[in-house]
Amino acid sequence: MAFWLFKSEPDAWSWDQQVAKGEAGEEWTGVRNYQARNNMRAMKVGDRGFFYHSNIGKEIVGIVEVCAESAPDSTADDPKWDCVTIKAVQPVPRPITLEEVKQTPELADMVLVRNSRMSVQPVRDEEWDFICKMAGL
DNA sequence: GCCAACGTTGGC
DNA sequence: GCCAACGTTGGC
């Protein structure tokens with residue numbers, strides 16, 4: 001199983017909204033970046049991801065799971081754009097802020113730090129485990 | 001609100 | 001195929 005990180009501005013789509021969708025989950029539409037799209041294409045059902053709030057909060061607030069693999073994004077006018085469907089699994093007991101990630105040497109190579117503009121990004125197994133521990137999981 | 005970083009576009 | 005111009009993202 002692979003791990004990922006999904007970034008969203010809570011003004012546009014928040015963790016609470018994601019939770020409200022329940023088991024059905026929600027299509028992760030709107031990605032218009034090749035790298036991010038390719039990351040989604042690499043996802044398998046059952047893969048897990050962090051849900052990160054950008055701009056407001058700037059912290060990892062929850063865990064999500066991929067419940068449908070990459071399919072055409074219905075909100076795109078070009079069929080080259082895909083999206084996956086994700087559902088909320090659980091909130092993290094203690095949110096992990098971007099500041100904390102930056103201050104943690106073990107996490108200094110995360111895409112979140114290295115390429116802050118990548119909206120859907122891979123997370124290494126070690127990074128996943130480390131953050132889960134930090135977050136009280 | 002500003003601006004640096006980065007991706008995309010389009011002229012040559 | 002290069003690169004300048006432009007638009008967008010997201011941290012601060």
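- Summarising the geometry, the separation between CD1 on A:Ile56 and C1' on C:dG10 is reported as 12 Å, rounded to the nearest angstrom.
- If you measure from atom CG of A:Asn55 to atom P of C:dT8, you get 15 Å, rounded to the nearest angstrom.
- Minimum heavy-atom separation, A:Val101 to A:Leu107: O-CB, 3.7 Å.
- Judged purely by atom type and a 3.5 angstrom limit, A:Lys7 uses its side chain to pair as donor or acceptor with the backbone of A:Met118.
- Protein atom CG of A:Asp78 is 13 Å distant from nucleotide atom P of B:dT8, rounded to whole Å.
- Checking A:Tyr52 against A:Lys58 by side-chain atom types alone, no donor-acceptor pair falls below 3.5 Å.
- Between the CG atom of A:Leu112 and the P atom of C:dG10 there is a distance of 10 Å, given to the nearest Å.
- The CZ-P distance, from A:Arg114 to C:dG10, rounds to 19 Å in whole Å.
- In the hydrophobic clustering, where aliphatic and aromatic side chains (Ile, Leu, Val, Met, Phe, Trp, Tyr) are joined below 4.5 Å either directly or transitively, A:Met43 groups with A:Trp4, A:Phe6, A:Trp13, A:Trp15, A:Val19, A:Trp28, A:Val31, A:Met40, A:Phe51, A:Val61, A:Val64, A:Val66, A:Val84, A:Ile86, A:Val120.
- Taking all atoms of both residues into account, the shortest heavy-atom contact from A:Glu9 to A:Asn55 is CD-ND2, 2.9 Å.
- Nucleotide C:dG10 holds its C1' atom 16 Å from the CD atom of A:Glu99, rounded to whole Å.
- The pair A:Glu100-A:Arg94 meets the salt-bridge criterion, since a charged nitrogen lies less than 4.0 angstrom from a carboxylate oxygen.
- At whole-Å resolution of the value, CZ in A:Arg37 and C1' in B:dG7 are 14 Å apart.
- Interatomic distance, OG of A:Ser54 versus CG of A:Leu112, reported as 9.5 Å (0.5 Å rounding).
- Taking both residues in full, the closest heavy atoms of A:Ser70 and A:Arg41 are given as OG-CG, 3.5 Å, listed atom of the first, atom of the second, then distance.
- The phosphate of C:dC12 (OP1 or OP2) has a side-chain N or O of A:Lys102 nearer than 4.0 angstrom.
- Here C:dG11 presents its C1' atom at 10 Å from NZ of A:Lys7, a figure rounded to the nearest Å.
- Between the side chains of A:Arg32 and A:Thr75, at least one donor N or O lies within less than 3.5 Å of an accepting N or O.
- Two end axes, each from the C1' atoms of five base pairs, can be drawn for the helix from B:dG1-C:dC12 to B:dC12-C:dG1; they diverge by 10°, to 10 degrees.
- Within residues 28-36 of chain A, the residues that place at least one heavy atom under 4.0 Å from DNA chain B are, in residue-number order, A:Asn33, A:Tyr34, A:Gln35.
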